[in-house]
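Below is one structure, written out as structure tokens, with a few remarks after it.
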Amino acid sequence: SAMISGGQLSLNCIDLIQVPAVERNTVAVLPLGKKKQQKVAVGDDHGVLTMFFMKRGQAEVEWKTNALGKEITRVCLQNGKDKLFV
């Protein structure tokens, strides 16, 4: 969030969810679902894909895969569908 007072800009950081280190192109934002919830998929360096959404201002993990044994280097969302490829 940002706040401007007296010509000064103050920025605050809010952690929504913590995951291990990630690479570029390993985050996918899914289209709005039936419940109007925005879901986000994150692939990490441990090979875990995590799907989360926001509920009442809190990040809720919908599901998480077991470690794939190697780091996830890319997460792709099929155009117009809720299908993810890692």
Side-chain angles (χ1 to χ4, degrees):
S1 64
M3 187 154 111
I4 300 175
S5 65
Q8 296 286 326
L9 176 64
S10 175
L11 300 174
N12 298 316
C13 178
I14 299 171
D15 290 335
L16 299 176
I17 190 169
Q18 292 184 348
V19 295
V22 297
E23 296 291 325
R24 276 187 173 190
N25 300 315
T26 58
V27 175
V29 179
L30 282 72
L32 285 175
K34 294 176 184 174
K35 296 182 180 180
K36 303 283 186 203
Q37 289 179 330
Q38 192 79 60
K39 295 181 182 178
V40 179
V42 180
D44 65 35
D45 285 354
H46 294 121
V48 176
L49 183 65
T50 304
M51 176 73 73
F52 72 94
F53 62 93
M54 298 302 293
K55 185 174 183 179
R56 296 186 190 110
Q58 297 288 324
E60 302 249 347
V61 174
E62 184 169 322
W63 52 263
K64 188 183 267 195
T65 65
N66 292 327
L68 300 174
K70 59 182 180 177
E71 70 183 49
I72 294 176
T73 57
R74 191 168 190 92
V75 174
C76 297
L77 177 65
Q78 184 177 355
N79 204 13
K81 308 260 183 173
D82 286 349
K83 290 186 179 182
L84 293 167
F85 298 92
V86 294

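Quick note: residue numbers are just sequence positions, from 1.
Leu30 contributes atom CG, which lies 7.5 Å from atom NZ of Lys39 (distance to the nearest 0.5 angstrom). In this structure, NE2 in His46 is found 12.5 Å from CG in Leu68, a value given to the nearest 0.5 Å.
For Val40 against Val27, the heavy-atom pair with the smallest separation is CG1-CG1, 3.9 Å. Scanning all heavy atoms of the two residues, the minimum distance from Gly43 to Ile72 falls at CA-CD1, 3.7 Å. Residue Ala28 comes nearest to Leu84 through the heavy atom pair CB-CD2, 4.1 Å, listed as atom of the first residue, atom of the second, then distance.
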Could you give me the CA-CA distance, side-chain angles and deciding distance for Met54 and Gln37, then say whether side-chain contact (heavy atoms from CB on, under 4.5 Å) is met?
-> CA-CA 7 Å; Met54 298 302 293; Gln37 289 179 330; over 6 Å; no
Take Trp63 and Leu49 through the side-chain contact (heavy atoms from CB on, under 4.5 Å) test and state the conclusion after the steps.
-> CA-CA 8 Å; Trp63 52 263; Leu49 183 65; 3.7 Å; yes
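A continuous path of Ile, Leu, Val, Met, Phe, Trp and Tyr side chains, each step under 4.5 Å between heavy atoms, connects Val75 with Leu77, placing both in one hydrophobic cluster. Both Met51 and Val86 are part of a single hydrophobic cluster, where members link through side-chain heavy atoms under 4.5 Å apart.
Looking only at side-chain heavy atoms (C-beta outward), Val48 and Lys64 come within less than 4.5 Å of each other.
Without hydrogens or angle criteria, Gln38 side chain to Phe53 main chain gives no donor-acceptor distance under 3.5 Å. Looking only at distances, no side-chain donor or acceptor of Thr26 sits under 3.5 Å from a matching main-chain atom of Thr73.
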